[in-house]
Asker: 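This structure is in structure tokens; I'll ask about it shortly.
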Amino acid sequence: MAMATPEHGSVVGVFAHVDTTVRALEDLRAKGYHDLTVYTPVPVHEIEDVLERDRPVSPVRLFTLLGALTGTTSGFLLTIWSSMQWGIITGGKPVASIPPFVVIAFELTILFGGVATLIGLVTLGRLPRFRPTAAYDPRFSSDRFGVAVHCPPDRSASVRQILQTAGAEEIKAVA
Amino acid sequence: MSAKAGVGALGALLLAVLVFLALSSWSRQPAVAQASVQPINFPHNVHVQTYKIDCQYCHADARRSEYAGLPSVTRCMGCHKITAADKPEIKKLAEYAAKREPVPWVRVFKVPEFTYFPHKPHIRAGVACQSCHGPVETMTTAAGRTGPRLVNDLLNLTGVRPAAPALTMGWCIDCHRDQNATRGAKAPLDCVTCHH
Amino acid sequence: MAVTEPRAATPTFGDVNRDVVATLRTPGNLYFAWMCVIGLLLAAFLAAWTYQIYIGMGAAGKRAPQMWAMYITTFVFWIGIGHAGTLISAVLYLFRARWRTSIYRAAEAMTIFAVMTAGLFPLIHAGRMWFAYFLLPYPNQRYLWPNFRSPLVWDVFAISTYLSVSTIFFIVGLIPDIAALRDASTGWRRRIYAMLSLGWEGSDDQWRPYRRAYGLFAALATPLVLSVHSVVSWDFAMALVPGWHSTLFAPFFVDGAIFSGFAMVAVLVIPMRYFFGLHAYVTDRHLDYMAKLILVTGLVLTYFYVCELFTAWYSGDHFEKASLFWKVTKNYAWALWTMYFCNCVAPLIFFWKRARTSVPIIYAVSILVLIGMWFERFNIIVPSLAHGFYPYTWGIYKPSATDTMIVVGSFAFFFLLFLGFIRVMPSLSIVEVKETLPPPMKERHGHGHP
Amino acid sequence: MNRRDFFKIVTTVGATAATAGCQEAGEKILPLVVPSDQLVPGVASWFSTVCRECPAGCGVIAKNRDGRVVKLEGNPDHPVNRGALCGRGQAALQHLYHPDRFTGPQRRDGNALKSLGWDEALNTVSDRLSQARGGGKGKAVALVTQLENGSLGTLLDRWTQALGTRPRVTYEPFGHEAQRAANRAVFGRDAIPYHAFEDAEVVVSFGADFLETWVSNVGYARGFGRMHAFREGKAGTFIHVEPRQSLTAANADEWVRNAPGTEALVALAVLKMLADGGAIDKRFADAAGALDVKKAAEEAGVEAEQLKHIAEALAKAKPALVVGGGAAVTGSNAVALHTAVALLNSALGAVGKTVRFGPDAAYGRVTPYAEVAALVQAMANGEIDVLVIGAGINPGFTLPGGLKFADAVKKVGLVVSFANRPDETTALAHLVLPDTHWLESWGDYSPRGGVIGLMQPTMLPVRDARAFGDVMLTVGRAALGITEEGKGPLPWASVEAYVKTTWEPVVKDQWSAALQHGGVWRDTPAAALAPKVGAVAGGAPKLDGDASGLTLLAYPSFRFYDGRGAGSSWLQEVPDTITQAAWDAWVEVPADVAAKQGIANGDVVRVTSPHGSLEAPAYVSSSLHPRAVAIPMGHRYAPYHVRGGRYVTATSTPTNPMALLPATPEPGGGTSYLAVRVTLTKTGARRPLAILQGTHDQEDREIARHVDLPAAREQALRGKREEHPDYSMYPPQQYPGYRWGMSVDIDACIGCQACTVACIAENNVPIVGKAQAAYGRQAHWLRVERWAEGKAEHAHNTFLPMFCQHCEVAPCEPVCPVFAAYRTDEGLNGQVYNRCVGTRYCGNNCPYHVRRFNWFNYEFPSPLDVQLNPEVTVRQLGVMEKCTMCVQRIVAGKDRARDEKRAVKDGDIQTACQQTCPTNAITFGNLKDPQSTVSKHRHAARAYDVLDEIGTRPSVTYLKKVTRGGGGHDTKPPARGGHA
């Protein structure tokens, strides 16, 4: 997981191609640079393969599971409890008639699951961001790939070297 | 954020449900507001406390009718021909009596629309007037804050359930349920008893 | 309106951004002309609705025995339309059908707007719509709760869940695209897009949960798609009315919904492709696939129709048989036969490959299918009620000006939302289209087209 | 405190309880000025009086709540109606609170009427009267009133004597003059006897519509119910002879459709057959003379077999009752018919048993129509200077067109009408002095010998009005030059004073008891009378008009009588049970004729006779005799019905069949209703009728079921109901207290619609108007359906009152999203208006379609809103409503029982429909009490649930109709499934 530490600056390499980006990443990792942020216009398998190698699976699914379970529980709780409030009989059926309540529980399962997933996405992706990170470049949303390497200033030359060799179109240092 | 947080969120939600259930069982009391403006400044406190007149002496229809009834001018004059006849408020009363006109009292208590509320069974069941009308014996002109209020509704919407305001449905139900539970009364909880 | 010439070559990542941004240029006069028509229809819709609220439901042509009529018909119609979008984005996503990418954004937008349009109808339909909030479960001073046994309450839950989850799904899909728009725009637009994109940057720590979440949304939305129209169908299936009380209804409705949904997608995407010059993205292959889907769902629907007839006959239920016989032969027979023609016969043309790639034929069949599906719901509701259990009340429903205006106005409402959307948001998913393109490589190897 | 003050109660308390709207700040409560020991605000008081909607004179009790009458019920002690009331009686309130009622006197000003003061109005009349007297033209003063045989009548007769005017004329359109003439001839009694239907075993009617308007329809319907309805294996037989299938005919076990005008012939043929068969004394055969039965049958268009059957039934009966002559069959041979009927009764030994002279009907005191016609002639000749027309009658509408009353009236110097709302007669009057409504009046009325009903005001006059008698006393004294009360030949201050004076010797100190009781009644013995047998000429009636034309059957509407009831929107909207048409009038056209002329339902046809013509929409009837055309009388609209198109749009041409009739009376002196042949022309216009019933064919749905008499007897002995298997997943509902239920005996139901009107009155049911009713938006909680079986031209009809079935497994309840429809723990289907959102799902899902929706905010045009029952919510736009089993009465009944510290007993609570039913077809009670009538009905052999195969388990049980064998039509129901 990449975190820009304030005392460190970043060196950003802008790439036009996937294979060059992958090469830069492989090289950086080989040299022991793990504090990387990669900007891509689309998720790219090749890049993900490099990055995901030593990372755990994203925990979004836990949010989904918990949300969904909450939904199921509250669906049944709400329906059964509120029916018991008056105990009104309709159509000769028992007051707490489970089959119809399954529908409500199901819908709440999906709803809460969806909302929880959204919450997971927002928290884990640290959204919203009100100010762009320094390393970001508008081209990254179109057709360029970016590799930001967070390193102390004294290592930046070496990083630049690696990026250059990999085939970066442009290299810049940001705060 | 982690799985721990998710468990925490679920816990918080369940807790919220419990708190909400707890709040739901708040008790009920008639709300009192400032006194109404009436054509004659009728002091309930004097009549009830000083002269120990029973409510139903004047509101004589309560025990036999849907309405509690208001005393006729003649009945008022029965006492006030002599009693306090020189007071300005009584002179007003005497004027109505002389003109043979009813006193245009202003309504204070009114149940919501489409609701049938008969006094008779409540009197028969021994419900004190004050349970619904508040401590009228301490009031000058009758006062009551009744009916649903926006603040109350909004609080309800947020899940906090404040005590139901007087003369709303929840308030009636609270009392009926309470009476059935504590006194073994047979206060009906059937919708059509009041809504027909 | 600028019509961009189709470009033959495979577009690059940059082309995608440019082409999509191009769709957001100031539109031409034709667009504004359409908007004027829509505006007028909407004004009529609002006037009719206001009148109906003021004077009472009697303004609409409802009566005993048709206590429900065109409003619920149109409600179910729009809910059905709202199926294709999520089906394309979720189910086809899970099945990794990559051809979905170029149409799914439009389809999803259509879904949400269709469900929003549909959502108006229960309100329009309620005799005291100002008390519609009684259907929501919230603590209140009356200590009253909705009746969770009522299919209408299920509807409230199903539709609001569907709308919420679809909207979340839709917005999540939009975020990276809005970021792209942000980066391609200036001034106040940029600021708005920046806010809407939530500061999306496309960094690997964002893509990771994003991809995961997207898959989960798809997994949640799939049973939801199937459940929503099932729940709507239970509005009928749970009732006793002959012609309604059938276990067939849930799959029958879901299939019909997909059927009409695809037709509506075709109706929307074909002009979009033409006006926005998106031939490179929406190719004849896409049309072919959609036509095939329409054909398949149409055949399934025909099977259900046959089942319905067979069940009525084979069950020996007197009321059911009488109701069906009446529907097929009496006052509303024209509506039933229109439906059979539009839904069963018209799509058969797609057995010919040339029809599947002919834009006019696809367009015409899609419109017929939409008409047919509207009539399907009409046939379920109005004629069934007209010939129910009790002969005393048998009668014929006549639409009034008010309900006609409201039904027509609902189309205006839908198109207002849709046309507005395609002017301000990318109607093609930038990210997903790029995903299907070969990624830019310096050396030729790796990905090809699926 | 005097009586006036008694009602001077100003209170808004009651009025606001029922009406919708926002809570207004500063709402006033006005208490009584003087306390009252008789009246408690919020508690109803009941006052008994006599219904004057027709001359039958049923006893009525009026429910007064907070000074206003809100409901009428039959007086349970009154010997005529025993608590029941017909729809017209129930709807009298609509005339009391009629929006068109005049406020104070009116004077003609061109085409309009203008208000004027009472003094001026009375002076105008008295001046004119004294002028006439002074000029020695006392005989130029004529007084026409409705049938007033009590104190008011006597008072008015004194008035005519004192002023030396023409004798008073009592005008009743249906005066039964022919019957009187026949009884004069046969028994020497100028009277209409009491017909004891209840004691008969077999009733044969030759056109007498005794369940509709004939003489005393409520009393006779009660009697008929007791005689005819199946009870413990006993059931009487009823055979009806009439060319049209009237409501009465539809109730017959055997309806014989004869050619129009041949009732006398049929009656004589039956008499002859009886005599020839030796069942009766041979001498009665003389009456029939040389009549050939076969030929007569042929002429009458009936099978000889049917005549034989009638004769056999009569011969076997112990005792029998023969009645004849409804207005529709009263033609130039009406006296012959009645003579034959009298002879039949006499021969069968019915006189003294089921035909009782002694307790004679008040109708016997009506001035024969011939004298009315003579008066009109005198008017036309300019002999009349002052014409005073009392309240209740509308000669401008009800006199035959051939008499040209409107032209004759123009020759009269001063026409004074006492009608209290505009009608065809006030349109001709110079001065209108509105009479008080009978519910606001003092008086008395004797419906039959030995029974005198007392009338008292049940509330203060709704509009500025003065009692007819009071005004006549005032103007009479003034015309006589007497300025003070208490002097001269007319000393009484008011009718009230006169009534009290005349009753003083009768009741002595029992005045208030009599008032409370509703009058005094004592048994009058039946006279034994020997008949005088002479030859009767039973030939065809004389008919004016084209010989190729169709015979016109003008018949009194059971909803409107002669038009008196038509001012009520309740009665207008309640459909005619046979046609199920509401509001508009129609021309019943035989199917053959319709097919030939291309006439469809709703096509406007012009009906022309030598005396006039009318235009009305056609109703194609397959049961009407192919040589006849039938038009109901009494169809007219009140101004407020048509104003602004409220309920209907005004028709430009008359729809009143009286316009087609000749002036000539029949030999008995009565109006000749069966007197013309008419031609039909299709005008090309269309005016669809508001027909509320979708179809009369139940398509094998077994909604109305029947069982034949032997099977019913056999089952009754076994005494067990066929139980329908119950397939519930769930345990049955438990009822901690009561479980309310109802039962409807469709064998007893005669389709009179009284229950529908009572329900409207009790439950504030709104009126929607013709177009809305035709479009399935009628708001009735209760409807009386007619289901027809068998051959179309000879349909076998069953009447089935349908209302909320209060199902235990109610389809309406679970679909309601907000619990507005739910099951109470006393077994009702509650409907909570406050909660209703108006999704109408319940309305769709109710298999019986008895739920009603408020499509609009229905209005109750002032002052009709004063009638609204304060105990029942007036429903708002957008909510569903339906029968509540009169839950307000249940609440009140339980309250009464609790006051007395006991449980509710069977009979404590009566629903409005049950209370008014003349034949006791409807029962309400506690199903948990095995001794209650409703429980017994529920488990009776004849019991069934409508649409039981759906499994709704209704709380309303129906008892099958019992079909009697014999007769010309198939009585077997089409068998299906396992139900008998």
Side-chain angles (χ1 to χ4, degrees), chain A residues 1-2 16-20 37-44 46-48 51 55 57-58 60-61 64 68 78-79 82-83 85-86 90-91 93 97 100-101 103-104 106-108 110-111 113-115 117-118 120-121 124-133 136 138-143 167, chain C residues 12-14 17 137 143-150 153-154 157-158 160-161 164-165 168-169 172 175-176 179-180 182-184 195 198-213 216-217 220-221 223-224 227 231 234 430-432 434-435 439-443 445-447:
Chain A
M1 180 146 299
H17 302 288
V18 173
D19 46 358
T20 50
T37 306
V38 184
Y39 298 94
T40 53
V42 293
V44 181
E46 291 83 347
I47 296 170
E48 279 175 2
L51 292 174
R55 288 183 187 168
V57 176
S58 169
V60 179
R61 55 186 180 175
T64 314
L78 172 71
T79 47
S82 71
S83 301
Q85 281 288 289
W86 281 88
T90 59
K93 317 282 189 297
S97 30
F101 296 169
V103 178
I104 306 292
F106 169 80
E107 297 296 345
L108 287 188
I110 304 284
L111 180 66
V115 171
T117 312
L118 182 68
L121 170 63
L124 297 175
R126 269 186 286 285
L127 291 171
R129 292 180 190 180
F130 297 107
R131 180 162 302 149
T133 49
Y136 184 70
R139 284 174 293 172
F140 295 160
S141 67
S142 175
D143 53 357
Chain C
T12 65
F13 276 25
N17 276 48
Y143 302 171
L144 292 174
W145 295 88
N147 178 6
F148 290 109
R149 263 152 287 180
S150 168
V153 175
W154 306 349
F157 277 75
S160 53
T161 301
S164 313
V165 171
I168 291 172
F169 200 27
V172 167
I175 286 174
R182 170 196 66 197
D183 296 339
M195 214 150 66
L198 303 175
W200 180 265
E201 291 180 344
S203 62
D204 61 317
D205 58 334
Q206 286 179 331
W207 279 123
R208 241 159 44 90
Y210 181 88
R211 303 251 297 153
R212 200 78 207 168
L216 289 167
F217 281 133
L220 285 172
L224 186 62
S227 79
V231 168
W234 293 336
I430 299 173
V431 170
E432 294 222 15
K434 281 180 190 166
E435 277 190 273
M441 294 286 176
K442 200 161 196 176
E443 289 144 38
H445 66 84
H447 272 348

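Values in this document were obtained by computation on a predicted structure and should not be read as measured data.
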Asker: Decide yes or no for C:Ser160 and A:Glu107: does some side-chain heavy atom of the first lie under 4.5 Å from some side-chain heavy atom of the second?
Answerer: no

Asker: Can you check whether C:Val172 reaches A:Leu118 side chain to side chain, under 4.5 Å on heavy atoms?
Answerer: yes

Asker: Can you say whether C:Pro137 sits under 4.5 Å from chain A via the side chain, the backbone, both, or neither, judging by heavy atoms?
Answerer: side chain

Asker: Tell me, do C:Thr12 and A:Asp143 make a side-chain contact under 4.5 Å, heavy atoms counted?
Answerer: no

Asker: Any idea which of A:Val60, A:Thr133, A:Val42, A:Thr64 has the most non-hydrogen atom pairs under 4.5 angstrom with chain C?
Answerer: A:Val42

Asker: Measure A:Leu51 against the heavy atoms of chain C and call it side chain, backbone, both or neither at under 4.5 Å.
Answerer: side chain

Asker: Between C:Arg182 and A:Tyr136, which heavy-atom pair has the shortest distance, and what is it?
Answerer: NH2-OH, 3.1 Å

Asker: Top residue by heavy-atom pair count (under 4.5 Å) with chain A, among C:Val165, C:Leu216, C:Leu224, C:Ile430?
Answerer: C:Leu216

Asker: Given side chains that start at C-beta, do those of C:Glu201 and A:Tyr39 come closer than 4.5 Å, heavy atoms only?
Answerer: yes

Asker: For A:Thr40, which residues count as a side-chain contact (heavy atoms from CB on, under 4.5 Å) partner, sequence neighbours excluded?
Answerer: A:Val38, A:Ile47, A:Phe145, C:Trp207

Asker: What pair of heavy atoms forms the shortest contact from A:Glu46 to C:Met441, and how long is it?
Answerer: OE2-CE, 3.7 Å

Asker: What option among A:Gly91, A:Pro132, A:Pro43 has the most heavy-atom pairs under 4.5 Å with chain C?
Answerer: A:Pro43

Asker: Could you report the tightest heavy-atom contact between A:Pro138 and C:Asp183, atom names first, then the distance?
Answerer: O-OD2, 3.4 Å

Asker: What part of A:Ser82 lies closer than 4.5 angstrom to a heavy atom of chain C: side chain, backbone, both or neither?
Answerer: both

Asker: Distance from A:Leu121 atom CG to C:Leu198 atom CG, nearest 0.5 Å?
Answerer: 9.0 Å

Asker: Does C:Thr161 have any side chain to side chain donor-acceptor pair (under 3.5 Å) partners at least two apart in sequence or in another chain, and if so, which?
Answerer: none

Asker: If you round to the nearest 0.5 Å, how far is CH2 of C:Trp200 from CZ of A:Phe140?
Answerer: 15.0 Å

Asker: Between C:Trp145 and A:Thr79 (side chain of the first, backbone of the second, donor and acceptor by atom type, cut-off under 3.5 Å), is there such a pair?
Answerer: no

Asker: Do A:Trp86 and C:Leu144 have side chains that get closer than 4.5 Å, going by heavy atoms?
Answerer: yes

Asker: Between C:Ser164, C:Ser203, C:Ser227, which residue shows the highest count of heavy-atom pairs closer than 4.5 Å to chain A?
Answerer: C:Ser203

Asker: Do A:Leu124 and C:Arg212 have side chains that approach each other closer than 4.5 Å (heavy atoms only, starting at C-beta)?
Answerer: no

Asker: Minimum heavy-atom separation for A:Ser142 to C:Gly14, with atom names?
Answerer: OG-CA, 4.2 Å

Asker: Provide the closest heavy-atom pair for A:Gly114 versus C:Leu220 in the form atom of the first, atom of the second, distance.
Answerer: N-CD1, 3.4 Å

Asker: Using side-chain heavy atoms (C-beta onward) and a distance below 4.5 Å, is A:Thr117 in contact with C:Phe217?
Answerer: yes

Asker: Between C:Met195, C:Glu432, C:Arg149, C:Arg211, which has the largest tally of heavy atom pairs under 4.5 Å with chain A?
Answerer: C:Arg149

Asker: Between A:Ser97 and chain C, which part of the residue has a heavy atom less than 4.5 Å away: side chain, backbone, both or neither?
Answerer: side chain

Asker: State, with a plain yes or no, whether a side-chain heavy atom of A:Pro41 is found less than 4.5 Å away from one of C:Val431.
Answerer: no

Asker: How far apart are the closest heavy atoms of C:Lys434 and A:Ser141, and which atoms are they?
Answerer: NZ-O, 3.1 Å

Asker: Identify which of A:Thr20, A:Leu78, A:Leu108 forms the greatest number of heavy-atom pairs closer than 4.5 Å to chain C.
Answerer: A:Leu78

